Amino acid sequence: MADTDCKWDPGADKYPLLGFGQAVIGPPGSGKSTYVRAMQALLAQMGRKSAIINLDPAGEDEPGAAVSLRELLGLEEVMSELRLGPNGALLYCMEYLQENLDWLRGRLQGLRGTYFLLDCPGQVELYTHHPALPDVLRRLGAWGLRLCAVHLVDSHYCTDPAKFISVLCTSLSTMLHVELPHINVLSKMDLIEQYGRLAFNLDYYTEVMDLSYLVEQLTSDPFFRRHKRLHEKLAEVIQDYGLVTFMPLSIKDEKSLRLVLSAVDKASGFCFGETKQSLGNLMSVAVGADFQFTSTLAFQEKYVEKDKRTVEEEALDL
């Protein structure tokens, strides 16, 4: 197995900037593939060319995917030939990709200038402590691909204090291990009411406010009461880092999807452009990023989506 320490590739400067993209990660069932398809549709609506890169050897071929890891190797093939279980086979696939990354680099160079949507596997240990996938993402960055990690978590965990604390720990571990600009997303917000009422306002969960209230609610259950000290220490670790926040997302609500895209574009630097700029220029772009993005959306809603009005009527309005 190759050395997993990420080192700068001396030949990286030979390759022109590949572009920007999102590494969509998260546990199984969090809605990663659904998010990727919805984001690609939104980007197409905005006139931004995008491509889906399916890095999950276990899933079915993503419809419309420009590149699929199953072209290199599939999970069933590995399980059969090496007699591994599904978890071990998935780890082997990621390590195999890590050692044969030139294959992926060659495929991506053919899509230079495209916005990439990397649909990653759903095995949690790939993001919390296994080195293969984070190393793959870092080496892609060394070759000029500016990625932002979009970590999806099912919003129904908010209805259970124990599960939400677990999600916070997993999210923090993922942020520290993956080492990319990072956006945490609470997905499936349109379904959260099916799991009962939230104990606090939604802002409490998205902003990860004072967790002592959550610990008190958790320890009201006799089963968890004897572990109160443990939960208090976990809450302290999460709040001491102060890194974890969430954005709510409902795929059915295009506005929430646009807000996630806006946050990703700022985190990855897409809104700053591809050319090198002075610090003053970057700061001026950062200040105007929200206004520019909002103005662009308003323009599209008025002139692209609303095509029922005639040119003459638009001229009269102006």
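A quick note: this is a predicted structure, and the numbers were derived from the prediction, not measured.
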Go through Arg146 and Asp265 one step at a time and tell me if the salt bridge (charged side-chain N to carboxylate O under 4.0 Å, His left out) criterion holds.
CA-CA 10 Å; Arg146 302 180 189 177; Asp265 283 347; over 6 Å; no
Find out if a path of hydrophobic residues (ILVMFWY) with successive side-chain heavy-atom gaps under 4.5 Å connects Tyr195 to Leu214.
no
Is it true that atom OH of Tyr204 has more than 12 heavy atoms of other residues, nucleotides or ligands lying nearer than 6.0 Å?
yes
Decide side-chain contact (heavy atoms from CB on, under 4.5 Å) for Leu176 and Leu243; before the verdict, give the C-alpha distance in whole Å, the side-chain angles of both, and the deciding distance to 0.1 Å.
CA-CA 9 Å; Leu176 297 176; Leu243 294 176; 4.0 Å; yes
Chi angles and distances behind the ring-ring contact (aromatic ring centres under 6.0 Å, His included) call for Tyr205, Phe246
CA-CA 7 Å; Tyr205 299 94; Phe246 294 94; 9.4 Å; no
Quick check on Phe200: does its CZ atom have over 12 non-hydrogen neighbours (other residues, nucleotides or ligands) under 6.0 Å away?
yes
Shortest non-hydrogen separation from Pro131 to Gln98 and the atoms involved
O-NE2, 4.5 Å
Step by step, would you call Glu77 with Arg70 a salt bridge (charged side-chain N to carboxylate O under 4.0 Å, His left out)?
CA-CA 10 Å; Glu77 175 188 357; Arg70 292 173 65 87; over 6 Å; no
Between the side chains of Glu95 and His130, is a donor N or O closer than 3.5 angstrom to an acceptor N or O?
yes
Can you tell if the side chain of Leu101 reaches within under 4.5 Å of the side chain of Trp143, non-hydrogen atoms only?
yes
List the steps and the verdict of salt bridge (charged side-chain N to carboxylate O under 4.0 Å, His left out) for Asp119 and Lys32.
CA-CA 7 Å; Asp119 190 357; Lys32 297 185 295 297; 5.8 Å; no
List the steps and the verdict of side-chain contact (heavy atoms from CB on, under 4.5 Å) for Ile53 and Leu55.
CA-CA 6 Å; Ile53 312 300; Leu55 296 183; 4.0 Å; yes
Ring-ring centroid check Phe20 Phe116, cutoff 6.0 Å:
no
I'd like to know if Val208 and Leu198 are part of one continuous hydrophobic network [Ile/Leu/Val/Met/Phe/Trp/Tyr, side-chain heavy atoms within less than 4.5 Å].
yes
Find out whether Leu261 and Arg48 are in side-chain contact, i.e. whether some heavy atom of one side chain is under 4.5 Å from a heavy atom of the other.
yes
Short side-chain to backbone donor-acceptor contact, Ser80 and Glu76, under 3.5 Å:
no
Evaluate Leu168 against Leu211 for side-chain contact (heavy atoms from CB on, under 4.5 Å), listing each step before the verdict.
CA-CA 11 Å; Leu168 291 174; Leu211 294 179; 3.9 Å; yes
Could you measure the distance from the CG atom of Leu137 to the CG atom of Leu145? Nearest 0.5 Å is fine.
9.0 Å
Distance check, rounded to the nearest 0.5 Å: Ile25 atom CD1 versus His151 atom NE2?
5.5 Å
Looking at every non-hydrogen atom in both residues, tell me the closest pair between Pro28 and Gly122 and how far apart they are.
CD-O, 2.8 Å
So which heavy atom on Trp103 is nearest to which on Leu69, and how close?
CH2-CA, 4.1 Å
State, with a plain yes or no, whether a side-chain heavy atom of Leu191 is found less than 4.5 Å away from one of Asp154.
no
Does any non-hydrogen side-chain atom of Met247 lie less than 4.5 Å from one of Asn184?
no
Is the shortest heavy-atom distance from the side chain of Ile238 to the side chain of Cys169 under 4.5 Å?
yes
Side-chain heavy-atom pair Phe224, Gln217 within 4.5 angstrom cut-off
no
For a side-chain contact (heavy atoms from CB on, under 4.5 Å) with Leu249, tell me which candidate from Leu186, Ile183, Val153, Leu257 qualifies.
Leu257
Check whether the side chains of Gln22 and Tyr115 place a donor and an acceptor atom closer than 3.5 Å, and report yes or no.
yes
For the CG atom on Asp102, are there more than 12 heavy atoms of other groups (residues, nucleotides or ligands in this structure) within a distance under 6.0 Å?
yes
Quick check on the hydrophobic clustering: are Leu108 and Leu73 connected, directly or via other members, by side-chain heavy-atom contacts under 4.5 Å?
yes
Looking at NE2 of His156 and OG of Ser30, how far apart are the two atoms once the value is rounded to the nearest 0.5 Å?
11.0 Å
For the CD atom on Glu193, are there more than 12 heavy atoms of other groups (residues, nucleotides or ligands in this structure) within a distance under 6.0 Å?
no
With side chains defined as the heavy atoms from C-beta onward, is the minimum distance between Asp253 and Lys255 less than 4.5 Å?
yes
For a 4.5 angstrom cut-off between non-hydrogen side-chain atoms, does Ser33 reach Arg37?
yes
What distance do Met79 atom CE and Tyr92 atom OH have between them, rounded to the nearest 0.5 Å?
14.5 Å
Can you see which heavy atom on Met189 is nearest to which on Pro248, and at what distance?
CG-CB, 3.8 Å
Please report the C-alpha distance between Leu104 and Val67 in whole Å, then the side-chain angles of each, then the deciding distance to 0.1 Å, and finally whether the side-chain contact (heavy atoms from CB on, under 4.5 Å) criterion is met.
CA-CA 8 Å; Leu104 181 60; Val67 180; 4.2 Å; yes
Backbone of Ser187 reached by a side-chain donor or acceptor of Ser155 within 3.5 Å
yes
Side-chain heavy atoms under 4.5 angstrom apart, residues restricted to Ile, Leu, Val, Met, Phe, Trp, Tyr: same cluster for Leu43 and Leu152?
yes
Rounding to 0.5 Å, atoms CD (Glu125) and CG (Leu133) come to a distance of 11.5 Å
Is there a donor-acceptor contact under 3.5 Å from the side chain of Gln45 to the main chain of Gln40?
no
Please confirm whether the backbone N or O of Ser250 pairs with a side-chain atom of Ser256, one donor and one acceptor, at under 3.5 Å?
yes
Please say yes or no: joined through hydrophobic side-chain contacts below 4.5 Å, possibly via intermediate residues, are Val124 and Met94 part of one cluster?
no
Shortest non-hydrogen contact from Lys188 toward Gly31:
CE-N, 4.3 Å
For Pro181 and Leu147, the nearest pair of non-hydrogen atoms, with its separation, is CD-O, 3.6 Å
What's the spacing between Ser166 OG and Asp160 CG if we round to 0.5 Å?
9.5 Å
